[in-house]
Trainee: 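Handing you a structure now.
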Amino acid sequence: MKYYLVASFDNDSCSHIEAVQKRISKKYKTSRNATKPRILLETIEDPDFDKLDKIITGFLAPYKKFKVEVLNVSAQNNSYHSLNLNIESKGYIKRFNRCFNALLYSNGFNVKSNHNMDELCIFLGNLNIKDQVNISNVDIPLNFQTIKVNKIELTKSLNNKPDSIIKTYTLRDY
């Protein structure tokens with residue numbers, strides 16, 4: 001079974017992103033049941049949870065809460081036909097993701113190998129196939145430029161169900 005390691009935001013950042021999700025839902029008629037906003041860091045298949053918990057806890061010990069710069073909303077032409085909020089893939093988040101991926105891989109975990117670390121984004125909504133043709137340039141104004149990551153979560157699926165979260169790792173304060 002697949003498990004996902006995601007970066008979650010504080011309440012203020014979530015409210016900003018959810019406002020963008022609502023505007024996109026109205027403008028492009030996407031699904032109204034949008035998922036909780038978060039950044040997908042890793043996809044892990046069939047992990048040993050005791051070993052994984054020990055590795056994640058040890059890895060996250062020196063890390064503090066951090067900010068991520070938001071770029072724009074874009075339509076992705078992949079198999080998901082999705083609208084995403086692109087984030088700046090440099091600095092703290094890039095180093096964090098790269099080191100974490102290498103650590104999991106070196107400890108024998110089956111991590112998704114084709115994960116592109118340069119294209120981190122926040123999923124906002126799905127498009128119908130007919131709508132995807134009409135959207136080449138998404139113009140949604142953003143009233144924020146940074147969002148704050150305050151915890152890392154290990155989840156079973158990327159939906160809004162509270163029982164899908166297996167473990168939450170809170171990052172240290174500044």
Side-chain angles (χ1 to χ4, degrees), residues 1-10 13-14 17-18 21 31 33-127 132 146-173:
M1 183 172 189
K2 287 185 181 180
Y3 295 90
Y4 303 95
L5 199 65
V6 295
S8 296
F9 311 112
D10 65 347
S13 298
C14 275
I17 296 170
E18 286 168 354
Q21 279 180 323
S31 172
N33 298 332
T35 62
K36 181 179 174 186
R38 32 189 169 184
I39 302 171
L40 176 64
L41 298 173
E42 293 296 334
T43 303
I44 308 167
E45 291 189 26
D46 300 323
D48 175 13
F49 288 111
D50 294 332
K51 183 178 176 183
L52 182 63
D53 183 45
K54 187 176 178 182
I55 289 171
I56 292 174
T57 304
F59 178 77
L60 294 178
Y63 282 95
K64 298 178 183 178
K65 297 176 182 177
F66 58 94
K67 295 179 182 179
V68 177
E69 188 175 333
V70 177
L71 296 176
N72 59 359
V73 177
S74 68
Q76 298 292 321
N77 189 10
N78 56 17
S79 60
Y80 299 115
H81 307 293
S82 62
L83 284 171
N84 297 326
L85 185 62
N86 293 333
I87 61 171
E88 186 82 30
S89 293
K90 66 179 183 180
Y92 209 71
I93 187 78
K94 184 174 181 177
R95 179 175 158 246
F96 180 86
N97 196 25
R98 184 184 66 239
C99 292
F100 199 68
N101 187 341
L103 179 68
L104 289 177
Y105 187 74
S106 66
N107 280 293
F109 287 99
N110 188 6
V111 294
K112 188 175 177 183
S113 60
N114 61 353
H115 182 67
N116 189 354
M117 286 185 245
D118 293 332
E119 294 182 9
L120 294 174
C121 60
I122 302 166
F123 175 77
L124 295 176
N126 283 331
L127 294 172
Q132 185 194 11
T146 60
I147 50 178
K148 296 175 188 172
V149 175
N150 67 347
K151 58 188 169 185
I152 305 297
E153 295 176 336
L154 182 65
T155 64
K156 285 192 246 181
S157 63
L158 296 175
N159 59 20
N160 288 337
K161 296 179 182 175
D163 62 342
S164 68
I165 297 174
I166 295 173
K167 182 120 184 184
T168 299
Y169 303 93
T170 304
L171 299 173
R172 293 185 315 143
D173 289 325

Trainee: Looking at CG of L120 and CG of N84, how far apart are the two atoms once the value is rounded to the nearest 0.5 Å?
Mentor: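 If I round to the nearest 0.5 Å, the distance is 11.0 Å.
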Trainee: When rounded to the nearest 0.5 angstrom, what distance separates NZ in K67 from NZ in K148?
Mentor: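 K67 NZ to K148 NZ: 5.0 Å, rounded to 0.5 Å.
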Trainee: More than 12 heavy atoms of other residues, nucleotides or ligands under 6.0 Å from CZ of R95: is that the case?
Mentor: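 Counting other residues, nucleotides and ligands, CZ of R95 stays at 12 neighbours or fewer.
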Trainee: Are more than 12 heavy atoms from other residues, nucleotides or ligands located less than 6.0 Å from atom NZ of K51?
Mentor: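 For K51, atom NZ is crowded (more than 12 foreign heavy atoms under 6.0 Å).
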Trainee: How long is the span from the CG atom in N150 to the CG atom in L171, to the nearest 0.5 Å?
Mentor: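 With rounding to 0.5 Å, CG (N150) is 7.0 Å from CG (L171).
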Trainee: If you compare all heavy atoms of I147 against all heavy atoms of S13, which two are closest, and at what distance to 0.1 Å?
Mentor: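 Between these two residues, the closest heavy atoms are CA-OG, 3.5 Å.
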Trainee: Enter the distance from N110:CG to T43:OG1 here, rounded to the nearest 0.5 Å.
Mentor: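 Answer for the CG-OG1 pair, N110 versus T43, is 10.5 Å.
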Trainee: When rounded to the nearest 0.5 angstrom, what is the spacing between CG in L71 and CG in N86?
Mentor: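 It is 6.0 Å, given to the nearest 0.5 Å.
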Trainee: Mind checking what makes salt bridge (charged side-chain N to carboxylate O under 4.0 Å, His left out) contact with K151, not counting sequence neighbours?
Mentor: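 For K151 the salt bridge (charged side-chain N to carboxylate O under 4.0 Å, His left out) partners, ignoring immediate neighbours, are E153.
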Trainee: Just so I know, are the side chains of F96 and V149 near enough to count as touching, which here means a heavy-atom distance under 4.5 Å?
Mentor: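 They are not in contact (no side-chain heavy atoms under 4.5 Å apart), so the answer is no.
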Trainee: Please tabulate, one pair per line, all N/O donor-acceptor pairs under 3.5 Å involving side-chain atoms of residues 53-64, not counting sequence neighbours.
Mentor:
unit_1, atom_1, unit_2, atom_2, d
D53, OD1, Y169, OH, 2.7
T57, OG1, D53, O, 2.7

Trainee: Does atom OH of Y105 have more than 12 heavy-atom neighbours from other groups under 6.0 Å away?
Mentor: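 Not more than 12 within 6.0 Å, no.
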Trainee: Inspect the surroundings of NZ in K65 and state if more than 12 heavy atoms from other residues, nucleotides or ligands are less than 6.0 Å away.
Mentor: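 Correct, the count exceeds 12.
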Trainee: Does the side chain of L104 come within less than 4.5 Å of L52's, by heavy atoms?
Mentor: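 L52 reaches L104 side chain to side chain.
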Trainee: Nearest 0.5 angstrom please: R38 CZ to C14 SG, how far?
Mentor: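 R38 atom CZ to C14 atom SG measures 9.5 Å (nearest 0.5 Å).
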Trainee: Step by step, work out the side-chain contact (heavy atoms from CB on, under 4.5 Å) result for F100 and I152.
Mentor: CA-CA 12 Å; F100 199 68; I152 305 297; over 6 Å; no
Trainee: Would you check if F9 and I39 make a side-chain contact, meaning some heavy-atom pair closer than 4.5 Å?
Mentor: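 Side chain of F9 against side chain of I39, heavy atoms only: contact under 4.5 Å found.
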Trainee: Any side-chain heavy atom of F49 sitting closer than 4.5 Å to one from L154?
Mentor: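 Counting from C-beta outward, F49 and L154 do come under 4.5 Å.
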Trainee: Is Y3 close to I166 at the side-chain level, that is, under 4.5 Å between some pair of heavy atoms?
Mentor: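 In contact.
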